Number of protein chains: 2
Amino acid sequence: MGRGGREKNGQPGARALDVAAAAGVSTATVSRAFNAPEKVAPEVREKVLKAAAELGWMPHPAGAALASRRTWLAGVLIPTLDNDVFASQVGALQTRLSAEGVTVLIGCSNYDADQAANQVRTMLARGVEALAVVGESHRPGLFETIAARGVPYVVTYSHRPGSSHPSVGFDNAAAFRRIARHLLDLGHRDFGLIHQPSIDNDRVVARIEGLRATLAEEGVALRPQHVREGPASIAFGRKSLRSIMDAPGPRPTAVVCGNDALAIGALLEARAIGIRVPEELSITGFDDVAMAEQTDPPLTTMRVDNAEIGQRAADYLLACLAGRQPSPPPPLESRLILRASTGAARSAA
Amino acid sequence: MGRGGREKNGQPGARALDVAAAAGVSTATVSRAFNAPEKVAPEVREKVLKAAAELGWMPHPAGAALASRRTWLAGVLIPTLDNDVFASQVGALQTRLSAEGVTVLIGCSNYDADQAANQVRTMLARGVEALAVVGESHRPGLFETIAARGVPYVVTYSHRPGSSHPSVGFDNAAAFRRIARHLLDLGHRDFGLIHQPSIDNDRVVARIEGLRATLAEEGVALRPQHVREGPASIAFGRKSLRSIMDAPGPRPTAVVCGNDALAIGALLEARAIGIRVPEELSITGFDDVAMAEQTDPPLTTMRVDNAEIGQRAADYLLACLAGRQPSPPPPLESRLILRASTGAARSAA
DNA sequence: TTGTAGGCGTTATCAG
DNA sequence: CTGATAACGCCTACAA
């Protein structure tokens with residue numbers, strides 16, 4: 001309510017028919033002037049455009065969608081906007097898609113699988129013609145529902161070798177194997193781990209597995225008392241580091257963190273309780289946020305080009321929409337950014 | 001292309017008519033079962049819902065929009081998603097609106113007035129029924145265009161007393177007057193200022209004016225050599241602090257920053273070049289990001305409840321959509337968060 | 001409470 | 001290159 005149709009001074013109620021009348025042509029020509037300019041004589045097009053401008057007319061998307069069976073809508077499902085990682089991805093995706101006339105619907109799951117399913121349902125109901133979804137651990141049937149509608153989709157952020165879904169992202173397990181290898185090479189044998197909630201989060205699960213697997217290759221295992229799972233915040237990083245260092249038994253010489261916020265918290269707490277980094281303790285993060293190179297010592301972390309992910313996802317979906325059957329792009333590389341928060345393990349213990 | 005209509009195994013092509021047939025009712029009843037359940041006998045509704053589920057049918061939004069003249073679409077225009085401040089606002093707005101069945105279109109201007117105008121045009125063309133716009137310094141005619149379409153709107157984030165637009169936000173000038181007063185009370189008389197680009201950004205302009213005005217009340221002015229304008233990054237904060245302290249003439253004893261990133265950069269640089277905070281130099285930020293209480297010393301800054309802004313904006317727009325003529329909500333308060341990065345000015349110089 | 005019928009604004013087809 | 005006309009899928013008076 002509150003709006004209405006062709007009321008008021010007349011402006012917002014113009015239809016193609018009105019423009020056609022004003023320009024002295026048919027509605028078909030009006031439509032062509034906007035959607036297939038090359039099929040209309042230049043001077044006629046001019047007239048139509050002028051008439052449309054004067055009447056303030058633009059094609060009504062509902063009418064257009066109905067007749068053309070195209071909505072020019074795409075959707076992207078992310079865990080949350082409150083995170084640079086996803087914000088960058090969405091930004092790049094949106095930029096690319098809107099350049100092609102596709103409007104992007106953004107849905108946030110708040111890291112909840114049910115909300116994710118609902119968001120996808122809503123977007124489908126809205127008529128999205130393509131979908132980008134972060135991660136692949138979703139309610140069973142989610143991807144089937146999407147595919148059943150004939151909507152092309154792509155999984156973003158993570159790229160699991162062997163996954164049956166087209167994906168644009170990096171191998172989370174490999175990224176953490178890389179971190180583990182780095183620390184093992186420095187001589188570390190006692191590890192701690194502080195990570196974000198792993199439920200419904202395949203990225204986190206993959207990372208942990210990558211870490212464990214690589215440590216196992218050297219006969220090293222994570223002691224349960226050195227593992228903490230909780231909110232991806234600086235505060236939780238602090239709290240966790242303290243409790244890990246207070247745990248009975250030998251202290252870890254390296255603590256791996258699920259992201260930079262946790263690592264920054266750990267770094268701050270280490271300083272606060274007088275543990276020297278990296279001499280006594282190595283700490284690693286993930287994401288390479290702006291703050292990571294400003295900490296003292298600067299943080300060793302992994303960098304992922306999130307804008308690139310968004311861009312490639314958009315390109316892939318655009319290709320699908322164009323009727324091509326693009327081969328899913330290869331995984332991106334995550335890069336280990338070596339800084340001063342990691343160093344050789346203290347010899348012996 | 002790539003989709004098509006009622007092809008395939010039949011699923012995605014179901015229409016209201018098919019559901020009606022399957023349920024043994026008319027399309028009118030199918031429509032009512034979805035949009036006005038109370039007007040349909042419970043058992044009939046059941047039948048319809050079951051038939052719809054079996055056919056995988058949902059009302060096609062284009063058809064619905066066309067017939068009902070309602071799109072259930074709202075838009076929000078923000079400078080960028082790469083910023084917690086706006087991400088929080090949008091998140092809250094979206095949560096609130098989608099609870100009422102309204103889908104939110106998000107447009108980013110990238111701090112560019114032309115892009116902003118384009119985004120608004122696009123959203124209007126898409127049929128948004130309400131609009132939230134960050135800030136009020138936009139291309140002339142932008143708000144008129146919106147109003148001419150009969151679309152209710154609200155300006156968010158900033159609330160300028162005397163503005164002709166309904167707005168949900170806080171008084172940016174007042175917020176910086178508060179900061180200025182705080183520092184003046186501590187005895188400071190020599191100020192520096194590091195701020196983000198002010199072009200097309202009324203929030204920043206208002207803050208600077210608030211600062212200047214309050215300083216002027218005490219006969220204090222900002223020296224040009226102590227003012228820096230540039231990207232809102234930690235790096236620019238560092239660079240700026242150094243060059244301000246290197247400038248000829250008396251050094252400022254307090255540096256006001258346009259946001260926390262700049263302030264954190266300034267803090268880090270001060271430490272790096274051996275200037276003690278707050279003994280020799282006071283530094284203030286804006287936003288109260290998570291990192292602000294973790295710096296050494298913790299940062300004095302201003303806090304704004306961005307989620308609250310998003311929520312109130314949504315409520316206001318919802319009220320407009322419901323046909324009520326809500327009075328624009330009162331401004332929110334920004335809160336000075338006193339921490340250890342500000343202290344008494346060194347006596348004398 | 002339910003069915004009938006007309007129209008929402010545009011695009012696509014097919015002549016001309 | 002342009003015009004007439006039939007969809008597109010749904011909602012909503014209005015009538016029953």
Side-chain angles (χ1 to χ4, degrees), chain A residues 1 3-7 12-48 51-52 55-72 101 124-127 129 149, chain B residues 1 3-7 11-48 51-52 55-72 101 125-127 129 149:
Chain A
M1 338 175 169
R3 291 228 302 137
R6 91 203 59 186
E7 76 228 84
R15 293 157 316 183
L17 193 61
D18 303 319
V19 176
V25 299
S26 70
T27 59
T29 298
V30 172
S31 177
R32 288 190 204 104
F34 274 76
N35 304 316
E38 75 283 0
K39 296 188 153 188
V40 167
E43 50 190 34
V44 175
R45 191 191 327 151
E46 274 319 307
K47 268 196 313 193
V48 173
L55 293 173
W57 179 84
M58 318 174 94
H60 186 123
L66 209 48
S68 70
R69 294 148 158 278
R70 291 283 268 128
T71 61
W72 297 95
L124 252 17
R126 276 275 173 196
E129 301 176 316
R149 291 223 160 205
Chain B
M1 335 172 168
R3 290 230 299 139
R6 90 202 59 186
E7 77 230 84
Q11 240 44 337
R15 294 157 314 182
L17 193 61
D18 303 319
V19 177
V25 299
S26 71
T27 60
T29 299
V30 172
S31 176
R32 289 190 202 103
F34 275 75
N35 305 313
E38 75 282 2
K39 296 187 153 188
V40 166
E43 50 190 31
V44 176
R45 190 191 328 152
E46 272 321 305
K47 269 196 312 192
V48 173
L55 293 173
W57 179 84
M58 316 173 97
H60 185 124
L66 212 46
S68 69
R69 293 144 160 278
R70 293 281 270 130
T71 61
W72 297 95
R126 276 274 172 196
E129 301 176 316
R149 291 222 161 206

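Everything numeric here is computed off the predicted structure, so don't read it as measured data. Naming: A, B, ... by sequence-line order, numbering from 1 per chain.
Here A:S26 reaches the OP1 or OP2 of D:dG3: one of its side-chain N or O atoms lies under 4.0 Å away.
For residues 27-36 of chain B, proximity to DNA chain C is found at B:A28, B:T29, B:R32, defined as any non-hydrogen atom under 4.0 angstrom from a strand atom.
When all heavy atoms of B:V19 and B:A52 are compared, the pair lying nearest together is CG1-N, 3.9 Å. Nearest heavy-atom pair across B:W57 and B:P59 is CZ2-CA, 3.5 Å. Among all heavy-atom pairs drawn from B:A20 and B:S26, the shortest one is CB-C, 3.6 Å. The minimum heavy-atom distance linking B:L55 with B:A22 is given by the pair CD1-CB, 4.2 Å. In this structure, B:V40 and B:A33 approach most closely via the heavy-atom pair CG2-N, 3.8 Å.
When rounded to the nearest whole Å, the span between NZ of B:K47 and P of C:dT2 equals 8 Å. Note: CG (B:L17) to C1' (C:dA5) measures 13 Å, nearest angstrom. Rounded to whole Å, atom P of C:dT2 lies 12 Å from atom CD of B:E38. For A:R70 and C:dA12, the CZ to C1' distance is 15 Å, given to the nearest whole Å. A:L66 places its CG atom 12 Å from the P atom of C:dT10, with the value rounded to the nearest Å. One interatomic measurement links the two molecules: NZ of B:K39 to P of C:dG3, which rounds to 15 Å at whole-angstrom precision. Taking atom CZ of residue A:R69 and atom P of nucleotide D:dA6, one finds them 18 Å apart after rounding to whole Å. One atom, NE2 of B:H60, and another, P of C:dG9, lie 16 Å apart when rounded to the nearest Å.
The list of side-chain hydrogen bond (donor to acceptor under 3.5 Å, both in side chains) pairs with a residue in residues 30-45 of chain B, not counting sequence neighbours, reads B:S31-B:N35.
Checking C:dT10, C:dG3, D:dT2 against the side-chain heavy atoms of B:V25 singles out C:dG3 as nearest. Nearest to the side chain of A:A67, among C:dT11, D:dT2, C:dT4, sits C:dT11.
Comparing the axis of the opening five pairs of the helix from C:dT1-D:dA16 to C:dG16-D:dC1 with that of the closing five pairs yields an angle of 20°, rounded to 10°.
If you take OG1 on B:T71 and CZ on B:R126, they are separated by 11.0 Å, rounding to the nearest 0.5 Å. Here CG of B:L66 is found 6.0 Å from NE2 of A:H60. Values are rounded to the nearest 0.5 Å.
Here the side chains of B:V44 and B:V25 are in contact, with some heavy-atom distance below 4.5 Å.
Heavy-atom nearest nucleotides on DNA chain D were determined for A:A41 and for B:A64, and the one closer to the 5' end corresponds to A:A41.
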